[in-house]
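Worksheet: one structure, shown below.
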Amino acid sequence: MDFQNRAGSKPGAGALMSHSESNVARRERLRKLAMETIDIESDPYFMRNHLGSYECKLCLTMHNNEGSYLSHTQGKKHQANLARRAALDAKDNEGNHGPAARASTAAAAAARVKKNIIKIGRPGYKVTKIRDPGSRQFGLLFEVTYPEVTDETKPRHRFMSAYEQHVEAPNRQYQYLLFAAEPYETVAFKVQSREVDMRPGKFWSHWDVDTRKFTLQFFFRNPTRSYAGTGANAAAANTHSHINPLNPYLTSPSA
């Protein structure tokens, strides 16, 4: 067999690589070079997920191994997104010259980082039923423990109407008390949809930084008896006495 006139071939060698094979070989060379020269851990867009694969937070792509991710960083899509992100950052920094502006930018960056925090589970909690011996008001004492939060983090809480949640079928007789603190999951407690006594001493919360325990106590208002009256004034008084400010959908305990 005559190999003399085959350009670039030697006796015993295969044919020339096709265009697709050449691209595969080029990407493999770039991948090996990148793994030798690039510190992948310092890449702000590199992330390992809970499935064991890798993600590019800039392009929202998934990769099976580090070599695939590095090959992606050398591609047109990632480079174009890097240029677009740099242009947006430059535009945002045009008017930021003072300390206040820089602090605002740092706070916004910190807020963006917090969104990527992986939840580590539910906090420990303890719920105790209490009663005021003087007014005979029924109440609840919540103790939620967050041992892994940072010193700058302070737990938050709020009441949520049954019509705001989508886990259970809405029931106007109940409302939900939510506690949240990163990196823990938000927990919710189902309580009666009665008016809460917001007066000082009846409703209070405390965050103990040393023990990492958040405490919240509140009492429900006792049902208000309607006084003898006639006309629109008596009707208005009875209506307002049953309004729950934390759950406006419940206008009467007997409804």
Side-chain angles (χ1 to χ4, degrees), residues 111 114-150 152-229 232-255:
K114 283 187 177 181
K115 293 182 180 179
N116 296 324
I117 293 179
I118 300 176
K119 301 297 183 179
I120 63 175
R122 299 177 181 176
Y125 61 87
K126 179 182 178 181
V127 183
T128 307
K129 295 181 180 180
I130 55 178
R131 186 177 292 275
D132 190 332
S135 60
R136 304 299 297 170
Q137 289 177 278
F138 170 72
L140 294 171
L141 174 65
F142 293 87
E143 297 174 299
V144 189
T145 306
Y146 297 98
E148 300 297 331
V149 299
T150 60
E152 296 78 13
T153 302
K154 182 178 180 180
R156 298 166 295 165
H157 71 277
R158 81 175 185 95
F159 286 87
M160 183 175 70
S161 166
Y163 293 89
E164 294 182 60
Q165 55 86 30
H166 302 284
V167 179
E168 300 179 345
N171 188 340
R172 62 189 303 178
Q173 300 298 329
Y174 296 97
Q175 59 187 343
Y176 297 84
L177 177 57
L178 278 63
F179 294 90
E182 293 177 345
Y184 289 89
E185 297 178 3
T186 301
V187 293
F189 298 90
K190 189 176 182 179
V191 299
Q192 300 178 28
S193 186
R194 296 169 51 188
E195 184 178 359
V196 176
D197 194 343
M198 305 298 294
R199 292 177 296 176
K202 298 292 184 179
F203 187 98
W204 61 270
S205 62
H206 174 69
W207 168 238
D208 192 332
V209 181
D210 297 327
T211 62
R212 296 294 198 272
K213 180 183 293 185
F214 183 74
T215 306
L216 174 68
Q217 173 186 295
F218 67 88
F219 289 92
F220 293 107
R221 284 187 177 273
N222 292 327
T224 305
R225 296 182 179 179
S226 59
Y227 64 90
N233 294 334
N238 291 335
T239 300
H240 289 292
S241 64
H242 295 153
I243 291 178
N244 185 352
L246 302 176
N247 189 351
Y249 298 98
L250 182 64
T251 56
S252 176
S254 61

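Position 1 is the first residue of the sequence; numbering continues from there. Values below: all heavy atoms of this structure, side chains included; hydrogens, waters and symmetry mates excluded.
For Lys154, the side chain to side chain contact (heavy atoms under 4.5 Å, CB included) criterion is met by Trp207, not counting sequence neighbours. Under the salt bridge (charged side-chain N to carboxylate O under 4.0 Å, His left out) criterion, Asp208 pairs with no residue, sequence neighbours left out. In this view, Pro200 satisfies the side chain to side chain contact (heavy atoms under 4.5 Å, CB included) rule with no residue, not counting sequence neighbours. By the side-chain hydrogen bond (donor to acceptor under 3.5 Å, both in side chains) test, Lys126 is found to be paired with no residue, residues two or more places apart in sequence or in another chain being considered. Applying the side chain to side chain contact (heavy atoms under 4.5 Å, CB included) rule to Ser205 yields the partners His157, Phe214, Leu216; only residues at least two apart in sequence or on another chain are considered. Taking Lys213 as the reference, nothing meets the salt bridge (charged side-chain N to carboxylate O under 4.0 Å, His left out) condition, with sequence neighbours excluded. Listed by chain and number, the residues in a salt bridge (charged side-chain N to carboxylate O under 4.0 Å, His left out) with Glu152 amount to none (sequence neighbours excluded). In terms of the ring pair (Phe, Tyr, Trp, His ring centres under 6.0 Å) criterion, residue partners of Phe189 (sequence neighbours excluded) are, by chain and number, Tyr125, Phe142, Phe179. For Ala188, the side chain to side chain contact (heavy atoms under 4.5 Å, CB included) criterion is met by Leu178, not counting sequence neighbours. Under the side-chain hydrogen bond (donor to acceptor under 3.5 Å, both in side chains) criterion, Arg158 pairs with Glu164, not counting sequence neighbours. Listed by chain and residue number, Glu168 satisfy the side-chain hydrogen bond (donor to acceptor under 3.5 Å, both in side chains) test with Tyr176 (two or more places apart in sequence, or in another chain). Every residue was checked against the salt bridge (charged side-chain N to carboxylate O under 4.0 Å, His left out) condition with Arg136, not counting sequence neighbours, and none meets it.
When atom types are taken as modelled, the side chain of Gln175 and the backbone of Lys190 share no donor-acceptor pair closer than 3.5 angstrom. Judged by distance alone, the side chain of Glu143 and the main-chain N or O of Thr215 form no donor-acceptor pair under 3.5 Å.
From Ile130, atom CD1 reaches atom CG of Leu140 across 7.0 Å, with rounding to the nearest 0.5 Å.
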